[in-house]
Amino acid sequence: MFARGARRRLVDEVTRLGLRRLMVITSERQLDLARALTDGLQDRLAVSFTRVLPHVPDSVAREARTLAEEHSVDGLLSVGGGSITGTAKIVALTSGLPIVSVPTTYAGSELTPVWGMTTGGRKETGRSPMVLPKVVIYDPQLVEGLPRKVATSSALNAMAHCIEALWMSTATPVTTLMALEGVRVLRQGLDELVTDLTPAAFENLVLGAYLAGASFAVAGSGLHHKICHALGGAFDLPHAETHAVVLPHALDFNIVAMRADSATRLTSALGGTDAVESLRDLYRRVGAPVSLAGLGLTAEQLRVAIQVVIEKLPIENPRPVDADAVRAILTAAYRPKP
Ligand code: NAD
């Protein structure tokens, strides 16, 4: 579902799916929102789980799964960002429980069959149709309260899904169409966040998140996502900010190897004459994060991160990636030249 006010259809959707014992997965921060959303569902709420952590540590997964079993729940309602959706997915992976997802960031996880869990500092991901939500409710009013910095990085996380979807060998004409339109509306929404904050800005950003999740779900993840997952899993770096920092460097590396028509259309979706420069200009306009050092990564951690990514080689990418390329991309993202 996609509309301002779509959240009011949650009760009907839960009824349509025949769910009677819901587990609400959210965070303390989003608890008031979850309460308001479930106002008409009181008799169908079995339990809430709010001890969500970024990147779904295995201890959180165990706790959430046990709670779902103990309360004999028959459905999962996730209200929040990607960490919350990800926790619901990890419960669904082993239980087969259906998920109803109400996203409040632009992460896009709710549209993909990809799950992720972190064990001992390594983030493992996989694909399973079991984790794909049955219903997703996109309501642009739900993202209006996102702090500006969170919103900016989250929208650039969505932008990264779109741009990577363009260069994957699994891209299709449809994913390319969605990804390009995603880049266009995300760029527009990001600019509107700083210049013209009207409801249209949030509609553009949520639409961009939808198009990003939908194109990424099919085209899959490559070099850019592999780098970000290695950094997130090993050093608990903030997910969306890490994507935002790495994206211009991944694009700079890959632009020469992209299909010429995709590169041209990407440049125009970014609103300039040079894709990498247009993206960097956008970062300057919206005050996006630009360095891994700025996110708290130490020089020693950078060295380890480079090694972790090198261990993942070979990585599917339009331009061959070797150890030197990984080192160059991560070093540039660590402390970019002014
Ligand atoms: P997040 O869920 O941790 O949320 C980021 C921050 O936004 C948090 O501090 C949260 O409290 C806050 N927040 C969320 N909604 C809010 C609201 N409405 N108002 C105020 N604050 C709000 O981070 P994220 O970037 O949304 O998601 C990152 C996670 O999602 C990562 O673990 C990543 O791996 C996963 N992810 C998975 C996929 C997939 O396909 N499996 C895709 C994208 C992201």
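Counting begins at 1 with the first residue of the sequence. Whatever order the structure lists them in is the order used to number ligands and atoms, beginning at 1.
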Look at Glu277 together with Arg284 and state whether they make a salt bridge at an N to O cut-off of under 4.0 Å.
yes

Run Glu144 and Arg4 through salt bridge (Lys or Arg N to Asp or Glu O under 4.0 Å) and show every step you take.
CA-CA 11 Å; Glu144 288 182 4; Arg4 285 178 76 73; 3.3 Å; yes

Could you check whether atom CD of Glu69 has more than 12 heavy atoms from other residues, nucleotides or ligands sitting under 6.0 Å from it?
no

Contact residues of ligand 1 with a heavy-atom cut-off of under 4.0 Å?
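The 4.0 Å shell around ligand 1 contains Arg29, Gln30, His55, Gly81, Gly82, Ser83, Lys89, Thr104, Thr105, Ala107, Ser109, Thr112, Val114, Lys123, Leu142, Gly145, Leu146, Pro147, Val150, His161, Phe216, His239, Ala240.
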
Specify whether His161 and Phe216 have parallel, tilted or perpendicular ring planes, treating 30° as the upper limit for parallel and 60° as the lower limit for perpendicular.
parallel

Just say parallel, tilted or perpendicular for the rings of His225 and His229, cut-offs at 30° and 60°.
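Judged by the thresholds at 30° and 60°, the geometry between His225 and His229 is perpendicular.
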
Got a sec, which residues hit side-chain contact (heavy atoms from CB on, under 4.5 Å) with Ala155, two or more places apart in sequence or on another chain?
Tyr106, Leu186, Leu190, Leu205

